[in-house]
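Along the sequence shown, residues are numbered consecutively beginning with 1.
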Amino acid sequence: HPRRGETMEAAIPRRLLQELGMTGDLHHLYTFRYHARFGDAGSEREVCWVWVGVSEDPACPNPHEVSELRWVAPDRLDEEMAARPQDFTPWFLMEWPRVRERYREMIGVRS
């Protein structure tokens, strides 16, 4: 969520600190647009920026921004997504396979 006139390169580290209390070495992977319908509730159209990074900081979630946090290994995440896709956002279901395959070295996925 960039501020008016703020670049994403400035907004991403600011929001990472604000939401998770972390700093890190961050890299932009790609940007995409998507549209998802939610039955009678409506739909959303978004532009999503996908970033990856490494941090030595312990996560310290801001309770006003983050209700829950956990670390999940990629293989375990695949299992959870297959078993309970309703627990994940539409954009994450669409994009995780792309991130996992194309950027495996950057996110620590072993072959």
Taking C-beta and beyond as the side chain, do [X] and [Y] meet within less than 4.5 Å on heavy atoms?
X      : Y      : value
Phe92  : Asp87  : no
Glu65  : Gln18  : yes
Val52  : Leu26  : no
Arg104 : Met106 : no
Phe88  : Trp96  : no
Val72  : Glu79  : no
Thr23  : Pro13  : no
Glu6   : Arg14  : yes

Return the [atom1] to [atom2] distance between [X] and [Y], rounded to the nearest 0.5 Å.
X     : Y      : atom1 : atom2 : answer
Trp49 : Thr31  : CH2   : OG1   : 4.0 Å
Asp78 : Arg100 : CG    : CZ    : 4.0 Å
Ser55 : Leu17  : OG    : CG    : 10.0 Å
Cys60 : Met22  : SG    : CE    : 10.0 Å
Leu20 : Asn62  : CG    : CG    : 9.0 Å

(message) I want to know whether His27 and Trp51 have ring centres closer than 6.0 Å.
(response) no

(request) Taking atom NE2 of His1 as the centre, report whether more than 12 heavy atoms of other residues, nucleotides or ligands fall under 6.0 Å from it. (result) no

(request) For atom CD of Glu68, decide whether the heavy atoms of other residues, nucleotides or ligands shown that lie under 6.0 angstrom number more than 12. (result) no

(request) May I ask you to say whether Glu9 pairs ionically with Arg15, meaning some side-chain N is under 4.0 Å from a carboxylate O? (result) no

(request) May I ask you to decide whether Glu101 forms a salt bridge with Arg98, counting only side-chain N to carboxylate O separations under 4.0 Å? (result) no

(request) Would you please classify the geometry between the Phe32 ring and the Trp91 ring as parallel, tilted or perpendicular, with 30° and 60° separating the classes? (result) tilted

(request) Indicate if Trp71 and Val54 have the same hydrophobic cluster label, given that clusters are the connected sets of ILVMFWY residues with side-chain heavy-atom separations under 4.5 angstrom. (result) no

(message) Looking at every non-hydrogen atom in both residues, tell me the closest pair between Pro2 and Met8 and how far apart they are.
(response) CG-SD, 3.6 Å

(message) For a quick test of reading the model, state the closest non-hydrogen atom pair linking Leu69 to Pro61 and the distance between them.
(response) CD2-CG, 3.7 Å

(request) State, without any angle test, whether Glu95 and Tyr34 hold a side-chain donor-acceptor pair at a distance under 3.5 Å. (result) no

